[in-house]
Amino acid sequence: MSDPILLTSEQGNIGIVTLNMAHKRNALNEDAIAAIDAYFSAVPSHIRTILLTAKGDHFCAGLDLKEHHDKARSGVEFMRVCQGWHRAFDKIQHGGIPVIACLQGAVVGGGLELASAAHVRVADSRTFFALPEGTRGIFTGGGATVRTARIISAPRMVEMMLTGRVLDAQEGRELGLAHYVCDTAKGDTPAPELALTLAKKIAGNAPLSNYAIVSAISRIADMSATDGLFTEGLVMAMIQQGDDVQERLGEFVNKKAHKVQLNA
Ligand code: 1HE
């Protein structure tokens, strides 16, 4: 029996999903996309945050170029493949549950598209980012023109794709591709440990607030200012009906809640 494409486990209310194809640098074929789609379509209701990780030295080498070469897909067939990626990654971004990606090594092509769908990205200091589609004779098809371009800006994505520029972890952080860079040689917490700590912290937020944060902000960013402000008000009105809102506010009023502090 072959190894599973994805390993899934739980730590309390944290779901952990791990790409398990280190032998091919976690390149994504059709079965891998189907497995990702299946996981994010049926996240158990007790799961509050999801940690997205990968086995081996590289997070993800993007599209499985061997499968794509062997299948010699027609334009329409590849369009359908891309739509499958879009569906699966949209479930990551808009599934209502915060997803924290832990990155290492190559985060390239479709791997960067996958990482761009996550809400928080924690990178090991040897992580690198690239969009080498131009050199392969293809284009992005897993959402980079929407998600990655909105993170780094469309002009930067154009330049990155045209020149084949490879960004190191710090450069990626400056552009928002990573939110945290962990350099263990400098005494930083290892990326997997920090990613898990953040996942636990995020799981402690009010679930409805988390739902709104991951569902509303990116959508409101696509709206006009007028529609965005109206929608923000509606989301706030809905979210503050949550069961735990009075309790959380009461903790603050009764001086039992933590204060907002630097380096807390
Ligand atoms: C692969 C893939 C892959 C590795 N598809 N098999 N993505 C790329 O253009 C990136 C292509 N990959 C690389 O540049 C390098 O492999 C890495 C920098 C990621 C890693 O290098 P390294 O030296 O650790 O590994 P390797 O020796 O290059 O590869 C090890 C094996 O993984 C090897 O197979 P083997 O049978 O010879 O052992 C590689 O062929 C295999 N492998 N990457 C298939 N991508 C929805 S559209 C999205 C569009 C894109 O994603 S385009 C970008 C594609």
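Remember, it's 1-based here, ligands and their atoms both numbered in the order they're listed.
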Under 4.0 angstrom from [atom], is there any protein heavy atom?
atom                    : answer
atom 24 (O) of ligand 1 : yes
atom 42 (N) of ligand 1 : yes
atom 52 (S) of ligand 1 : yes
atom 35 (P) of ligand 1 : no

Short side-chain donor-acceptor distance under 3.5 Å, [Y] and [X]:
X    : Y    : answer
T145 : T140 : no
R173 : H179 : no
E159 : T163 : yes
H86  : D90  : no
N205 : S209 : no
K55  : T18  : no
R126 : Q104 : no

Specify the protein heavy atom at minimum distance from [atom]: its residue, its atom name, and the distance to 0.1 Å.
atom                    : answer
atom 47 (S) of ligand 1 : G141 N, 3.5 Å
atom 3 (C) of ligand 1  : A27 CB, 3.4 Å
atom 29 (O) of ligand 1 : R25 NE, 4.0 Å
atom 45 (N) of ligand 1 : L63 O, 2.9 Å
atom 49 (C) of ligand 1 : E133 OE2, 3.4 Å
atom 18 (C) of ligand 1 : F128 CZ, 4.1 Å

Problem - Closest contact, heavy atoms only, L177 versus R121 - result: O-NE, 2.7 Å

Quick check: [X] and ligand 1, any N/O pair under 3.5 Å apart?
X   : value
H58 : yes
L65 : yes
C82 : no

With heavy-atom distances below 4.5 Å as the criterion, would you say the side chains of [X] and [Y] are in contact?
X    : Y    : result
I16  : I50  : no
V122 : I100 : yes
L196 : L51  : yes

Out of [options], whose heavy atom is nearest to [atom]?
atom                    : options              : answer
atom 8 (C) of ligand 1  : G137, G62, A61, G109 : A61
atom 48 (C) of ligand 1 : R136, E113, H23      : E113
atom 6 (N) of ligand 1  : H69, K24, H68        : K24

Per-atom contacts, ligand 1 versus [X] - under 4.0 Å to a heavy atom:
X    : result
W85  : 46 (C)
A106 : 19 (C)
I138 : 49 (C), 52 (S)
P132 : 8 (C), 9 (O), 53 (C)
G142 : 46 (C)

Practice task
Identify whether F128 and L167 are in the same connected component of the hydrophobic contact network (ILVMFWY, side-chain heavy atoms under 4.5 Å).
Solution key: no

Practice task
Take F252 and H258 through the ring-ring contact (aromatic ring centres under 6.0 Å, His included) test and state the conclusion after the steps.
Solution key: CA-CA 8 Å; F252 181 76; H258 79 282; 8.9 Å; no

Handout entry: Side chain, backbone, both or neither: L131 near ligand 1, heavy atoms under 4.0 Å
Key = neither

